[in-house]
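Below is one structure; the comments refer to it alone.
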Amino acid sequence: MRIGILNSGGDCPGLNAVIHGVVGAATELGWEVIGFKDGFEGLLPPGDFKVLKRSDTSGILKLGGTILGSTSKGHFAAKVGAGDVALVPQEIIDKAKRMIDQLGVGALIVVGGDGSLTTGMQLYNDGWPIIGVPKTIDNDLAATAMTFGFDSAVTTVVDGLDRLRTTAQSHKRVMVLEVMGRHAGWIALWGGMAGGANVVLLPEIPFSFEKVAEFIKQRDARGAHSTLVVVAEGTKLPDGDVVARASASGGEMRMGGVGDIVADRLEKLTGKDTRACTLGHLQRGGAPTALDRILGARFGVMAVKLAEEGQFGRMVSYQAYHVDSVPIADAVNKLRLVEPDGEVMQAARAIGICFGD
Ligand code: F6P
């Protein structure tokens with residue numbers, strides 16, 4: 001048996017751990033693994049791939065990024081149609097399918113987020129032996145309690161807040177930290193809670209600048225002269241706008257910039273010296289945490305198990321400390337967002353975090 005693996009979409013700490021898990025489990029079965037380069041693009045003739053042996057994956061568990069490369073652009077990202085029915089053109093799929101057949105790939109493991117898994121599902125519906133592995137730092141995929149990469153991103157946010165706290169305290173400033181997550185506030189919520197943020201602004205919760213400013217003034221009045229604010233990049237401004245711009249090189253809208261706007265308004269409303277800082281891709285790079293290494297490796301091993309059982313069209317899923325699987329269709333085209341009244345939010349409010357609502 002020969003199986004393939006590819007990483008598609010934005011990179012994410014823990015991708016190499018998945019590859020490590022896949023190659024390890026497949027080697028145990030006496031199977032050969034082909035790693036396709038740069039996402040689905042590597043499937044197109046003449047094919048861009050390499051055979052992965054155990055020796056190729058030794059020591060990669062701790063590496064950020066992906067040894068296979070990834071892309072969120074290219075032939076497979078140029079979908080036709082809109083929304084849930086956007087599809088990769090059939091001629092591209094047929095070209096890639098010939099490559100897969102020629103190489104004798106009996107299972108293809110697609111490691112990706114919502115967009116890439118939607119492509120994976122299209123290929124499965126076209127008759128391909130697809131197995132999905134969920135990947136995103138945003139932790140916004142439905143049908144899995146957690147994706148690898150999220151913990152590493154949160155850890156970077158916590159480190160950022162620890163650093164901002166000391167400079168904020170020294171200057172009695174308000175520090176606004178903008179973090180990633182697209183339309184989901186998980187990174188902001190978990191990072192803010194673990195890093196001791198005083199204010200957290202999320203895409204899921206409408207906020208008012210006046211309420212946040214009042215909270216900061218009250219803190220000031222009782223002697224807490226510095227305030228840490230975390231704002232998720234997808235947070236809607238009170239007029240409902242998300243700060244995003246079209247990317248000159250194509251692809252999805254690029255989010256970012258809300259932190260500066262929030263800092264500016266809070267400075268005007270509170271009169272306090274305020275600075276903004278954007279963590280950006282620091283959250284995606286670097287070594288994965290121990291949790292993400294283990295989760296990634298377990299996901300990779302489960303993907304091979306699904307291939308062994310011929311359970312195609314399924315996605316590896318993490319459910320209450322247990323790695324299992326669900327139909328890919330259960331996970332795509334629906335985001336898992338922060339529940340405003342959920343237990344985590346209740347805990348965050350109970351420890352004194354202001355959400356500006
Ligand atoms: O989906 C992961 C993510 O890091 C988002 O949090 C962020 O908005 C986006 O990707 C950035 O994408 P790019 O690397 O294409 O700028």
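As the structure lists them, so they are numbered: ligands from 1, and atoms in each ligand from 1.
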Kindly determine whether W128 and F312 satisfy ring pair (Phe, Tyr, Trp, His ring centres under 6.0 Å), including the steps that lead there. CA-CA 8 Å; W128 295 44; F312 302 119; over 10 Å; no

Who's touching ligand 1 if we go heavy atoms under 4.0 Å? I137, D138, M180, G181, R182, E233, H281, R284

E210/R265 under salt bridge (Lys or Arg N to Asp or Glu O under 4.0 Å): CA gap, chis, key distance, verdict: CA-CA 9 Å; E210 289 70 23; R265 281 297 302 275; 3.6 Å; yes

Step by step, would you call T71 with D38 a side chain to side chain donor-acceptor pair (under 3.5 Å)? CA-CA 6 Å; T71 182; D38 301 334; over 6 Å; no

Let me check something: any side-chain donor-acceptor pairs from residues 196-207 under 3.5 Å, sequence neighbours excluded? List them with distances.
residue: N198; atom: OD1; partner: L228; partner atom: N; Å: 2.7
residue: E204; atom: OE1; partner: G185; partner atom: N; Å: 3.3
residue: E204; atom: OE2; partner: G185; partner atom: N; Å: 2.9
residue: E204; atom: OE2; partner: V338; partner atom: N; Å: 3.0

With sequence neighbours excluded, what pairs up with F49 under the ring-ring contact (aromatic ring centres under 6.0 Å, His included) test? F36

Among all residues two or more places apart in sequence or in another chain, which pass the side-chain contact (heavy atoms from CB on, under 4.5 Å) test with K211? S208

